[in-house]
Each structure stands twice: as structure tokens, then as C-alpha cells.
Amino acid sequence: MRALSFPPLFFPPKNLNPFSLCNPKSMASFKPSIPLTSDSAASVPSPHTSGEVHVIMGPMFAGKTTALLRRIKSEGNNGRNVAMIKSSKDTRYAIDSVVTHDGAKFPCWALPDLLSFRQNFGGEAYEKLDVIGIDEAQFFEDLYDFCCMAADHDGKTIIVAGLDGDYLRRSFGSVLEIIPLADTVTKLTARCELCGKRAFFTLRKTEETRTELIAGADVYMPVCRQHYVNGQVLMKAARTVVESHKFKSDTFPEVAAVV
Ligand SMILES: Nc1ncnc2c1ncn2[C@@H]1O[C@H](COP(=O)(O)OP(=O)(O)O)[C@@H](O)[C@H]1O
Ligand SMILES: Cc1cn([C@H]2C[C@H](O)[C@@H](COP(=O)(O)O)O2)c(=O)[nH]c1=O
Ligand SMILES: [Zn+2]
């Protein structure tokens, strides 16, 4: 059987978003402008080198950002061109740096989304990049498409650090969606603040119930399974007490005033 030969360039139709090429669903409905015959089959540009995706996840205070910085610095020391991105939502420690809970810093691009990075960074400079680090990945809605484009089409090594779960232990953002794209996946653990055992989860110590709440040890603590479950029971009991007191003060203000 004759090997397929591909023309040197592939020009997707103008109305096709190149990023949607990453999405198998859109490929199924995609009609190439070049007839798919054995000697002129459409081809997608192949990167100079094969890209990679590495995921570092776990609860807060597990050392995700520390591990990301260590890997990025190692790549830089090996002569590779590196850049760091974090979500512009994370304003806890610094605007233009990734900062660990221990205070270690690394300059970064703080962006609202990932697909604007190439334009912000500059096309020529982007071409020269070998490695891209992404911190607080749970806050990027376009994480999947960016990893597809940067690793599959542009040949970049992408190192992603982010929470796998939120304070309710639900999938947070798109971090778990990129697991099927990954070369390696590392789940880190912290130390339970209550018993010192390995902490797999993040407990929220306050009553806020919105998923995105930017904060540190003032609001969150790493806990083991036993103390996560106990903590949730305690938080629920505390909410019940607060709500019943609120009900009494709303319904019988004269009583609540003297209680
Ligand atoms: N309960 C805690 N409160 C504050 N800092 C903590 C706590 N547990 C661990 N740490 C510190 O946080 C460091 C990890 O910081 P970092 O790499 O930014 O974690 P992550 O990115 O996973 O949140 C640990 O080396 C430790 O010194
Ligand atoms: C559990 C949880 C966390 N967040 C926020 C809190 C922090 O700003 C970041 C996580 O930072 P880290 O680098 O992992 O320490 O995410 C949130 O918004 N919602 C949550 O449920
Ligand atoms: Zn514990």
C-alpha cells in the first residue's frame, strides 16, 4: 500500500478556528478545503519537536507552585527558553510574579486567559519558546485548547500546576480535563493541619459558598480525609446555629436583643 503523501502546507478554511482542530467533535464535522486523496490529503502543520504536557495537582499548600518553579528553573538552567503564566485572578502575593506560600518568586505573565498569551508575548518570541509554565491552572477556562495548540501544534513543553478539587472536593476548572492530554500527572499532598497526616483535601474555614474565593491560610487549610469529613460536619453545625440565631433575631428581635 502506497504511503500517504502530504502537501507541505495546510490552509484551513478562513471560517475555521485553528484551535477547534483540537476538538475531535469539530474535526468530525470539518470539511477540508483540499480534497482528501492519497496524494493530496490535507495535513495539519507538524511542530519542529514533539510537545509535552505535565500536570502537577493536589490540595492547597501541597507544594504545587514550588514544584513548578523547580522544574521551570531546571529547564532554564539546561538552556531552554522558558516563560511562566498565572491567572490574573490571583492577586494574593504579587501581580507580575508567581509566589509560593514560602515566598519564593518567579516573574510571570498574569493573564485573564491563555489563548491571548501568544499575542501578548509576541509571535516571534513565542516561536523561540521551549517551555511554558502555568500556575493556578484551575482559573483558566481555555486550558484544554491552549495545551492542545501549544503541545500538539507548536511543540512546546507545558507544565501545569493547579488544584484538582475545590473546597467541596469537586473538579475545579479544567485541570482534570487535561489529564488525557498529559505525558505525566503528579498528585502532591500537604500535611493535615490538625493531625499531621498526609492532607489530600482543602477545607474552607469560612462560610462563603462561591467556588472561586482567592485567599490563603486565613481561609483555607489542608486536611486529611478524617478531618475533612469532621470539618464539614462542624461547618454545617455552625451554619445551622448561625441561621437559627438569625431566624430568632428576625422573628423575635426583642428576645434576640437580650440573648
Ligand atoms: N497550613 C499551611 N499554612 C501555610 N503554609 C503552609 C501550610 N502548609 C504548608 N505550608 C507551606 O506552603 C509551602 C508550599 O507552598 P506552595 O508551593 O505555594 O503550595 P501550593 O502551590 O500547592 O499551594 C510548603 O512548603 C509549606 O512551607
Ligand atoms: C480550595 C479552593 C481554593 N481557591 C483559591 C484559593 C487560592 O487563591 C487558590 C489556590 O492557591 P494555591 O496556589 O493552590 O495555594 O485557589 C478557590 O478559589 N476555591 C476553592 O475551593
Ligand atoms: Zn487530619
Side-chain angles (χ1 to χ4, degrees), residues 54-75 84-114 132-141 143 158-179 184-236 239:
H54 301 280
V55 180
I56 305 166
M57 61 185 189
M60 286 182 66
F61 311 108
K64 304 185 300 297
T65 305
T66 302
L68 174 62
L69 293 199
R70 188 168 47 237
R71 176 70 188 272
I72 289 288
K73 287 175 182 172
S74 162
E75 295 280 2
M84 180 76 84
I85 304 170
K86 79 168 183 181
S87 168
S88 48
K89 289 177 182 174
D90 178 23
T91 54
R92 281 173 300 173
Y93 300 118
I95 299 289
D96 55 0
S97 299
V98 164
V99 187
T100 72
H101 288 296
D102 293 336
K105 283 188 169 187
F106 193 90
C108 75
W109 290 72
L111 299 174
D113 60 73
L114 290 168
I132 301 173
I134 300 172
D135 197 24
E136 306 299 343
Q138 68 275 2
F139 293 133
F140 288 114
E141 288 174 18
L143 180 65
I158 312 298
I159 307 170
V160 179
L163 292 170
D164 49 337
D166 63 15
Y167 77 105
L168 294 175
R169 300 188 302 182
R170 300 282 187 194
S171 174
F172 198 167
S174 306
V175 174
L176 297 185
E177 278 179 36
I178 64 169
I179 300 299
T184 67
V185 179
T186 305
K187 173 146 180 174
L188 298 178
T189 56
R191 281 280 160 216
C192 177
E193 262 195 31
L194 301 175
C195 69
K197 285 181 188 168
R198 288 205 298 168
F200 304 93
F201 314 120
T202 309
L203 186 70
R204 182 179 285 177
K205 300 185 274 190
T206 62
E207 292 170 28
E208 282 99 341
T209 54
R210 66 182 187 276
T211 298
E212 287 191 8
L213 176 60
I214 306 302
D218 52 333
V219 173
Y220 297 101
M221 61 191 263
V223 286
C224 67
R225 188 179 301 277
Q226 175 200 343
H227 287 118
Y228 179 84
V229 174
N230 294 358
Q232 290 297 91
V233 168
L234 281 173
M235 292 301 295
K236 202 167 181 179
R239 282 191 197 107

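Numbering of ligands and ligand atoms starts at 1, following listing order.
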**Report entry** Derivation and outcome, side chain to side chain contact (heavy atoms under 4.5 Å, CB included), residues Met84 and Leu68
**Finding:** CA-CA 10 Å; Met84 180 76 84; Leu68 174 62; 3.7 Å; yes

Could you find the nearest protein heavy atom to [atom] and give me its residue, atom name and distance?
atom	answer
atom 6 (C) of ligand 1	Phe61 CD2, 3.5 Å
atom 10 (C) of ligand 2	Glu136 OE1, 3.5 Å
atom 2 (C) of ligand 2	Tyr220 CE2, 3.5 Å
atom 1 (N) of ligand 1	Glu193 OE2, 2.5 Å
atom 15 (O) of ligand 2	His101 NE2, 2.7 Å
atom 21 (O) of ligand 2	Tyr167 N, 2.8 Å
atom 14 (O) of ligand 2	Lys64 NZ, 2.8 Å

Least distance between heavy atoms, [X] atom then [Y] atom:
X	Y	value
Leu69	Ala104	CD1-O, 4.1 Å
Ile85	Cys108	N-CB, 4.4 Å
Ala67	Leu188	CB-CD1, 4.2 Å
Thr184	His54	OG1-ND1, 2.7 Å
Thr202	Tyr228	O-CE1, 3.8 Å
Ile132	Ile72	C-CD1, 4.4 Å

Query raised in the report: Of Glu193, Arg204, Lys205, which is the lone residue that meets side-chain contact (heavy atoms from CB on, under 4.5 Å) with Tyr220?
Result: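 For Tyr220, the side-chain contact (heavy atoms from CB on, under 4.5 Å) check succeeds only for Arg204.
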
Query raised in the report: Under 4.0 Å from ligand 2, counting heavy atoms only, is it the side chain of Leu163, its backbone, both or neither?
Result: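 The side chain, only.
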
Query raised in the report: What part of Ala215 sits under 4.0 Å from ligand 2 if we count only heavy atoms: the side chain, the backbone, both or neither?
Result: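 Just the backbone.
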
Query raised in the report: Is there side-chain contact between His227 and Met221, with heavy atoms separated by less than 4.5 Å?
Result: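 No, every pair of side-chain atoms sits at 4.5 Å or beyond.
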
Requested in this report: May I ask you to test the Phe201-Arg225 pair for a side-chain heavy-atom distance under 4.5 Å?
Outcome: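 Yes; the side chains approach each other to less than 4.5 Å.
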
Counting heavy atoms not belonging to [X], are there more than 12 under 6.0 Å from its [atom1]?
X	atom1	result
Lys187	NZ	yes
Glu141	CD	no
Lys73	NZ	yes

Test of proximity, [X] against ligand 1: N or O pairs below 3.5 Å:
X	result
Val99	no
Met60	no
Lys64	yes
Ala62	yes

Query raised in the report: Is ligand 2 less than 4.0 angstrom away from at least one heavy atom of Gln138?
Result: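 Yes, Gln138 has a heavy atom closer than 4.0 Å to ligand 2.
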
Report task. In plain terms, say whether Glu212 and Lys89 are close enough for a salt bridge, that is, a side-chain N and a carboxylate O under 4.0 Å apart. Result ->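 Lys89 and Glu212: salt-bridged.
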
Need the ligand 1 atom indices (1-based, order shown) with element for anything under 4.0 Å from a heavy-atom of [X].
X	answer
Thr100	18 (O)
Pro222	1 (N)
Thr66	15 (O), 16 (P), 17 (O)
Thr65	17 (O), 18 (O), 21 (O)

Query raised in the report: Distance-only, no hydrogens or angles: does the Glu136 side chain make a donor-acceptor pair with backbone N or O of Ser87 under 3.5 Å?
Result: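 Not a single qualifying donor-acceptor pair exists.
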
Check this for me - ligand 2, [X], N or O atoms closer than 3.5 angstrom, yes or no?
X	answer
Asp90	no
Thr202	no
Leu213	yes
Asp166	no
Glu212	no

Query raised in the report: Using heavy atoms and a threshold below 4.0 Å, how should the contact between Ala67 and ligand 1 be classified: side chain, backbone, both, or neither?
Result: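 Neither part.
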
Query raised in the report: Just heavy atoms, cut-off under 4.0 Å: does His101 contact ligand 1 by side chain, backbone, both, or neither?
Result: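 The answer is both, backbone and side chain.
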
Query raised in the report: Aromatic rings Phe61 and His101: how do their planes relate, parallel, tilted or perpendicular, breaks at 30° and 60°?
Result: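 Correct class here is tilted.
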
Report task. Ignoring hydrogens, just give me the one of Thr202, Asp102, Leu69, Thr189 whose non-hydrogen atom is nearest atom 27 (O) of ligand 1. Result ->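 Answer by nearest heavy atom: Asp102.
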
Query raised in the report: Out of Ala161, Gly63, Ala104, Pro59, who gets a non-hydrogen atom closest to atom 14 (C) of ligand 1?
Result: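 Minimum heavy-atom distance to atom 14 (C) of ligand 1 goes to Gly63.
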
Report task. Mind reading off the angle at the Zn ion (ligand 3) between the SG atom of Cys224 and the SG atom of Cys195, rounded to 10°? Result ->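 Vertex the Zn ion (ligand 3), arms to SG of Cys224 and SG of Cys195: 110°.
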
**Report entry** Angle subtended at the Zn ion (ligand 3) by His227 ND1 and Cys192 SG, rounded to 10 degrees
**Finding:**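 Value returned, to the nearest 10°, is 110°.
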
